[in-house]
2 protein chains.
Amino acid sequence: MTQPDYDDLKIENPPQTLREIVLERMRGAILSGRFKSGERLVERTLCDQLGVSRSVVREAIRYLEAEGLVEIMVNKGPMVARMDWAQAAQIYDIRMLLEQSAASACAALADDAVKAALRRALADLEAASAGDAGTSDAGTSDTGASNAGGGLFQATTRFYEVIFTAAGHHIAWEIVQRLNGRISRLRALTLATSDRHVSGPVRMARICAAIVANDPAAAAVAVRDHLAEAAQIARRLLENEGGK
Amino acid sequence: MTQPDYDDLKIENPPQTLREIVLERMRGAILSGRFKSGERLVERTLCDQLGVSRSVVREAIRYLEAEGLVEIMVNKGPMVARMDWAQAAQIYDIRMLLEQSAASACAALADDAVKAALRRALADLEAASAGDAGTSDAGTSDTGASNAGGGLFQATTRFYEVIFTAAGHHIAWEIVQRLNGRISRLRALTLATSDRHVSGPVRMARICAAIVANDPAAAAVAVRDHLAEAAQIARRLLENEGGK
DNA sequence: GATGGTATGTTGGTATACCATATGACCACA
DNA sequence: TGTGGTCATATGGTATACCAACATACCATC
């Protein structure tokens with residue numbers, strides 16, 4: 001039905017609605033810690049901040065509620081969802097299962113194109129890690145989240161996206177992204193911490209090596225080690241916060 | 001802070017908003033197949049059907065969109081999400097990981113109270129299976145979904161809820177419920193099918209027995225067998241539909 | 001200082017209005 | 001019969017208004 005010679009004329013991405021833009025902005029503000037865990041989200045205040053009507057704000061809040069990033073308090077309205085270690089632990093456990101499965105499948109299936117894409121993603125991650133280490137010391141806010149939307153975060157996301165996509169685990173990837181959204185502040189703090197025994201990029205390199213070697217078992221082990229350390233650091237951070 | 005002698009006076013569940021009621025009704029209509037896969041959801045039509053304003057309907061649609069039960073078509077508006085085998089297969093794979101993990105953990109942890117609860121849930125399931133077999137032949141609609149909200153569906157859900165709750169896998173349970181929502185029509189058809197090699201309740205009994213015996217490995221195996229059969233039947237059903 | 005009554009402001013819930021865009025029906029013409 | 005033009009309708013996007021419930025402030029009384 002489509003005419004192959006005219007595919008390039010097709011408008012693939014229609015203009016975004018206000019609702020979509022507001023959703024992205026609010027999600028970004030939550031993930032970066034700008035809207036803090038437990039903070040009330042007052043509709044009229046958000047309207048002023050975002051310059052839109054309550055209809056748009058309410059629909060965005062509804063979506064974020066379904067995503068688990070916002071909770072509705074009885075008789076109080078919406079607030080940024082809180083996270084304790086018991087919940088975070090479950091999220092890390094689920095990620096362990098889904099990420100190990102994806103890495104194994106990716107290692108079993110990976111062809112040269114996938115390997116090249118993963119190497120590029122790893123290179124970007126290593127570059128971002130070096131770059132963020134330089135800038136994160138300068139001018140970091142007390143939320144510790146100034147790099148949450150930064151290069152390292154996005155590079156890490158891209159790295160795993162290559163793995164999940166190559167494995168064909170699209171739905172699992174959606175789930176992992178949602179879960180990561182809920183622990184994004186923890187992840188930002190984890191990325192920022194400097195007491196890791198082995199740095200993140202080194203662990204990612206191990207994952208990459210296992211996939212490049214088409215070794216599913218080694219890929220699963222590398223993911224396990226990476227996530228176990230990340231969870232351990234996250235636990236310490238949450239417990240130091242005293243359940244905040 | 002709370003006075004123990006007056007806990008019974010506390011109002012635990014505030015009255016539901018219209019939005020919550022509409023959300024439940026729409027979700028139920030989608031899960032039961034009343035709103036069919038691929039069917040457009042026209043806002044004004046839904047307002048007439050549900051007797052509420054567009055604000056309420058739109059907020060409910062937004063939530064269902066985030067849940068994956070509704071898709072927004074460009075220049076067309078919302079429709080009930082479609083499901084093909086490639087996606088369903090991924091969902092069964094994820095369920096395999098999460099349900100095996102939960103059953104293992106439950107088997108490792110289960111005390112007498114958990115075992116009793118699981119036995120009761122199994123008994124309800126067996127009763128529902130006998131009852132639905134009797135009534136599903138009588139007056140079943142062409143959607144094959146008249147028992148989707150029925151006893152067997154709910155009993156199956158309750159059975160797994162006991163397992164996930166006892167295991168402490170609350171977030172995994174949320175995810176499984178969401179995923180099951182997306183394949184609810186498939187599950188309804190799977191439950192209704194009579195060509196299973198071993199019936200569902202028999203497989204559930206095996207899961208229950210493994211948990212009662214505090215045998216994590218056997219619990220994982222029983223879950224694997226159960227889901228493998230369910231996925232196989234679902235695949236056949238979808239392929240017979242020709243990708244509908 | 002504690003407590004109850006009242007007034008006021010805030011805020012979420014819900015309904016409605018308006019607009020722009022897309023679609024479909026219809027018709028004229030070649 | 002195919003095509004282009006026109007018009008009407010349908011529908012989602014967005015804004016605004018109104019209301020009720022709740023929280024808070026204030027005051028009088030004990």
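Basis for what follows: all heavy atoms, side chains included, without hydrogens, waters or symmetry-related copies. Each chain gets a letter, A, B and so on, in the order its sequence line appears, and its residues count up from 1.
With rounding to the nearest 0.5 Å, the separation of CZ in B:F159 from CG in B:L122 is 5.5 Å.
Rounded to whole angstrom, the span from the CD atom of B:E65 across to the P atom of D:dG12 amounts to 13 Å. Protein atom CG of B:L41 is 16 Å distant from nucleotide atom C1' of D:dA10, rounded to whole Å.
The two residues A:E99 and A:V176 come nearest to each other via the heavy atoms OE2-CG1, 3.7 Å.
A donor-acceptor distance shorter than 3.5 angstrom exists from the side chain of B:S32 to the backbone of B:G28, with no hydrogens or angles considered.
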* To do: Kindly indicate, with the supporting measurements, whether the criterion side chain to side chain contact (heavy atoms under 4.5 Å, CB included) is fulfilled by A:V22 and A:R19.
  => CA-CA 5 Å; A:V22 164; A:R19 176 181 74 245; 5.8 Å; no
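More than 12 heavy atoms of other residues, nucleotides or ligands shown are found within 6.0 angstrom of CZ on A:R178.
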* Structure fact -> Readout for nucleotides 13-23 of chain D: B = base within 4.0 Å of protein heavy atom, S = sugar-phosphate only, - = neither; 5' to 3' it is BBBBB----S-
